Amino acid sequence: MSRDVYILESVRHFQNLPFTFFIANIDSCCFHWHYDYEIGLLLKGNVNIRTDKRDYTASRGGIYFFNSRQVHTLNASADNICLVIQFPGR
């Protein structure tokens, strides 16, 4: 019997702030999860998003949200720019 194994991503917060944020070009990442909530805003391009419950594509101006401990992956085949904000879950 096989079992899926997902990577726990460690999120580091800024020293004086209870969250972290960054702007990135998302190429691809494996399925992973983290204790933090995550909000993303697509500033350019498209990103394919897959969670444990659904698949969808976020386009420029689109926003995505992942709950704390929610397994997810993102990938794209073209240039994109994404603003990501992560803040502590419970």
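Quick caveat: nothing in here was measured; it's all calculated off a predicted structure.
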### Message
Ser59: which residues meet the side-chain hydrogen bond (donor to acceptor under 3.5 Å, both in side chains) condition with it, sequence neighbours left out?
### Response
Asn46
## Note on the structure
Between Pro88 and Pro18 the two heavy atoms that sit nearest each other are CD-O, 2.8 Å
### Query
Among all residues two or more places apart in sequence or in another chain, which pass the side-chain contact (heavy atoms from CB on, under 4.5 Å) test with Asn67?
Tyr37, Phe65, Gln70
### Query
Once you round to the nearest 0.5 Å, how far does OG1 of Thr51 lie from CG of Leu74?
10.5 Å
### Message
Going by the rule ring-ring contact (aromatic ring centres under 6.0 Å, His included), which residues pair with Phe66 if we only count those two or more places apart in sequence or in a different chain?
### Response
Tyr64, His72
### Task
Side-chain contact test, heavy atoms from C-beta onward, threshold under 4.5 Å: evaluate it for Arg60 versus Leu43 and give yes or no.
no
### Query
Does the side chain to side chain contact (heavy atoms under 4.5 Å, CB included) test come out yes or no for His32 and Val71, once each step is laid out?
CA-CA 5 Å; His32 68 281; Val71 174; over 6 Å; no
### Query
Does the side chain of Ile63 come within less than 4.5 Å of Ile39's, by heavy atoms?
yes
### Task
Determine the minimum heavy-atom distance between Phe22 and Gln86, stating which atoms define it.
CE2-OE1, 3.9 Å
#### Entry: Side chain Asn25, main chain Ile81, donor-acceptor under 3.5 Å
no
### Query
At what distance, to the nearest 0.5 angstrom, does CD1 of Ile23 lie from NZ of Lys44?
13.0 Å
### Task
Could you walk me through whether Glu38 and Ile85 pass the side chain to side chain contact (heavy atoms under 4.5 Å, CB included) test, one step at a time?
CA-CA 6 Å; Glu38 180 174 319; Ile85 302 169; over 6 Å; no
### Query
Taking all atoms of both residues into account, what is the closest heavy-atom pair of Ser28 and Asn75, and its distance?
CB-CB, 3.7 Å
### Beyond-backbone contact of Leu42 with Val47, side-chain heavy atoms, under 4.5 angstrom
yes
### Gap separating the CG atom of Asn80 from the CD1 atom of Ile26, nearest 0.5 angstrom
5.5 Å
### Message
Restricting to side-chain contact (heavy atoms from CB on, under 4.5 Å), what partner residues turn up for Thr73, sequence neighbours left out?
### Response
Cys29, Phe31, Arg50
